[in-house]
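One structure is given here, and the rest of the page talks about it.
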Protein chains: 2
Amino acid sequence: MARMAPETHDEILVAAARRFAATGYRGTSLQDIAREVGCSKAAVLYHFANKEAILTELMAPAIGVLQALDERIRAHRGTAAQRVAAEGFVDLAVRFRREIALLRGEFPELLQQPAFAHIQRISERLVDALAGHPARPSARITALVLLAGISETCGEFPDVADEELRAALLALARRALEPVD
Amino acid sequence: MARMAPETHDEILVAAARRFAATGYRGTSLQDIAREVGCSKAAVLYHFANKEAILTELMAPAIGVLQALDERIRAHRGTAAQRVAAEGFVDLAVRFRREIALLRGEFPELLQQPAFAHIQRISERLVDALAGHPARPSARITALVLLAGISETCGEFPDVADEELRAALLALARRALEPVD
DNA sequence: CCCCGATCTGACCGATCGGTCAGGGCCTGA
DNA sequence: TCAGGCCCTGACCGATCGGTCAGATCGGGG
């Protein structure tokens, strides 16, 4: 062990991130990634069990933070939960906007893969918290529009500073969300 | 001509709509559509030149209304344009939520196909109008989040009445959008 | 020196994709 | 009755997909 420079693993990750961001997960083939790295497709599959393993490793940090946010939300109720959810999700979206952009609208399909099954439940709780527990239909609609809109667009502003984007999104969320009673 | 019942064409359309809504455009094969209709894949391609032709025919009514909205927006300026854009887009999203849901996050790729090239420009003008012409970054961000959020989610409430959904979305838009000056 | 394990390659696999094609029923108008 | 056109089928095409496999290369430790 402890060989010199088998950094191919990481090169594959950054190449995959670029391709996924450009053409989506489904729209990127292992051949595309291999071409970008400059190795064979078989080499990619030597470092990763399969295509999905590349995505899960890319998304792991963001998913970890999402799970932590979920636990923090579940420790609160009502208005407090709503505030924690809004601030936490905006922060997550800004910090991981590159990773989120990789999924480019493939959320629905990707979430149905078993590896991401628990993400589905977490995002449902996020919507509940944002909408507030009484959950009038209009509140649920607002929460879902906000969540989907931020997820879909946060990657479209690569040249806006983190702090500016966070401020804009948070202000939008506060304006949009109806207070829980 | 004037034969009895060549309604296969329409059956293909409704079957395709169901499959696209369930698994997306890319995620639906011609074989899937044929299976749902109960005919051969070749029969599907007898009625439609290719897969894309099915999608364009499904989207034609919504695209027509979108173009009409675009012209109405371009006839106004500033606050008036913003109001026309918000009300017009919400109305369009509610009326055609089934059709919009078909695209399920495949907007970016599909819009790049030549058949939909002009839609790209129309949606850019929509964002401009919603953001207001001064176009501070935060206003653009708000407009984009709103547009993407409504597009992505309007199909998720098939059992909410048109009027209720329209009211909720319009109220959200009014709260979220920053007034032009 | 030689062997071993980590790394990587090219050839190959079965499945599926969108799309083509020749032909076969079957209805209709002449 | 029969020619012709509409509707449709099954077989087939080349391309591409994710993934497998036997073996080549090569550096380091016994």
Side-chain angles (χ1 to χ4, degrees), chain A residues 1-59 102-104 106 109-110 112-116, chain B residues 1-59 102-104 106 109-110 112-116:
Chain A
M1 59 203 76
R3 289 274 290 281
M4 246 300 287
E7 61 212 350
T8 310
H9 181 96
D10 295 343
E11 287 178 23
I12 291 172
L13 278 181
V14 316
R18 262 198 305 269
R19 299 307 302 151
F20 289 165
T23 56
Y25 176 75
R26 282 204 198 173
T28 299
S29 69
L30 294 173
Q31 196 66 256
D32 292 333
I33 299 171
R35 193 181 307 119
E36 185 127 342
V37 173
C39 67
S40 68
K41 186 180 63 166
V44 173
L45 287 164
Y46 169 78
H47 288 280
F48 295 88
N50 49 46
K51 191 184 176 186
E52 187 185 328
I54 303 177
L55 181 65
T56 59
E57 186 159 330
L58 277 173
M59 300 302 294
L102 302 189
L103 303 179
R104 288 242 293 177
E106 298 178 274
E109 295 87 8
L110 293 177
Q112 280 169 16
Q113 291 192 251
F116 295 125
Chain B
M1 59 205 73
R3 289 272 289 279
M4 249 300 286
E7 60 211 354
T8 309
H9 181 97
D10 295 342
E11 288 178 23
I12 291 172
L13 279 181
V14 317
R18 262 199 304 270
R19 300 307 302 151
F20 290 166
T23 57
Y25 177 75
R26 282 205 198 172
T28 300
S29 68
L30 294 173
Q31 196 66 254
D32 291 334
I33 298 170
R35 194 182 305 119
E36 185 128 341
V37 173
C39 69
S40 68
K41 185 179 64 165
V44 174
L45 286 163
Y46 169 79
H47 287 280
F48 295 88
N50 48 46
K51 191 184 176 188
E52 187 184 329
I54 304 176
L55 182 64
T56 59
E57 186 160 332
L58 277 173
M59 301 301 294
L102 303 188
L103 304 180
R104 286 244 293 177
E106 299 179 275
E109 295 87 8
L110 293 177
Q112 280 168 16
Q113 292 190 251
F116 294 124

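Computed from a predicted model, the values in this text were never measured in an experiment. Protein chains get the first letters and strands the later ones, always in sequence-line order, with residue 1 at the start of each.
- Residues B:L58 and B:Y25 fail the side-chain proximity criterion, which asks for heavy atoms closer than 4.5 Å.
- One finds no side-chain N or O of A:H9 lying less than 4.0 angstrom from the OP1 or OP2 phosphate oxygen of C:dT7.
- Counting atom types as modelled, B:K41 pairs a side-chain N or O with a base atom of C:dG19 as donor and acceptor under 3.5 Å.
- When the side-chain nitrogen and oxygen atoms of A:T8 are compared with OP1 and OP2 of C:dC8, one or more of them lie within a distance under 4.0 Å.
- Ring-plane geometry between B:F48 and B:H9 is classed as parallel, the angle between the planes falling under 30 degrees on a 0 to 90 degree scale with a further cut at 60.
- Note on B:L45: a base of the nucleic acid sits closer than 4.0 angstrom, heavy atoms only.
- The side chain of A:S29 places an N or O atom within less than 4.0 Å of a non-bridging phosphate oxygen (OP1 or OP2) of D:dC17.
- In this structure, B:L103 and B:L55 have side chains that are in contact, with non-hydrogen atoms separated by less than 4.5 Å.
- When each of A:Y46 and A:A42 is assigned the nucleotide of DNA chain C bearing its nearest heavy atom, the one mapping closer to the 5' terminus is A:Y46.
- A:K41 places no side-chain N or O within 3.5 Å of a backbone atom of A:S29 that could act as its donor or acceptor partner.
- Rounded to a whole Å, the CG atom of B:D10 is 12 Å from the P atom of D:dC7.
- Listed pair A:H47 / C:dC8 meets the phosphate criterion, a side-chain N or O lying under 4.0 Å from OP1 or OP2.
- For A:Q31, the side-chain atoms get nearest to D:dC17 when compared with the rest of C:dG19, C:dT9, D:dC17.
- The nearest whole Å value for the distance from the CG atom in A:L30 to the P atom in D:dG19 is 6 Å.
- Place A:C39 and B:A49 on DNA chain C by their nearest nucleotides, and A:C39 ends up nearer the 5' end.
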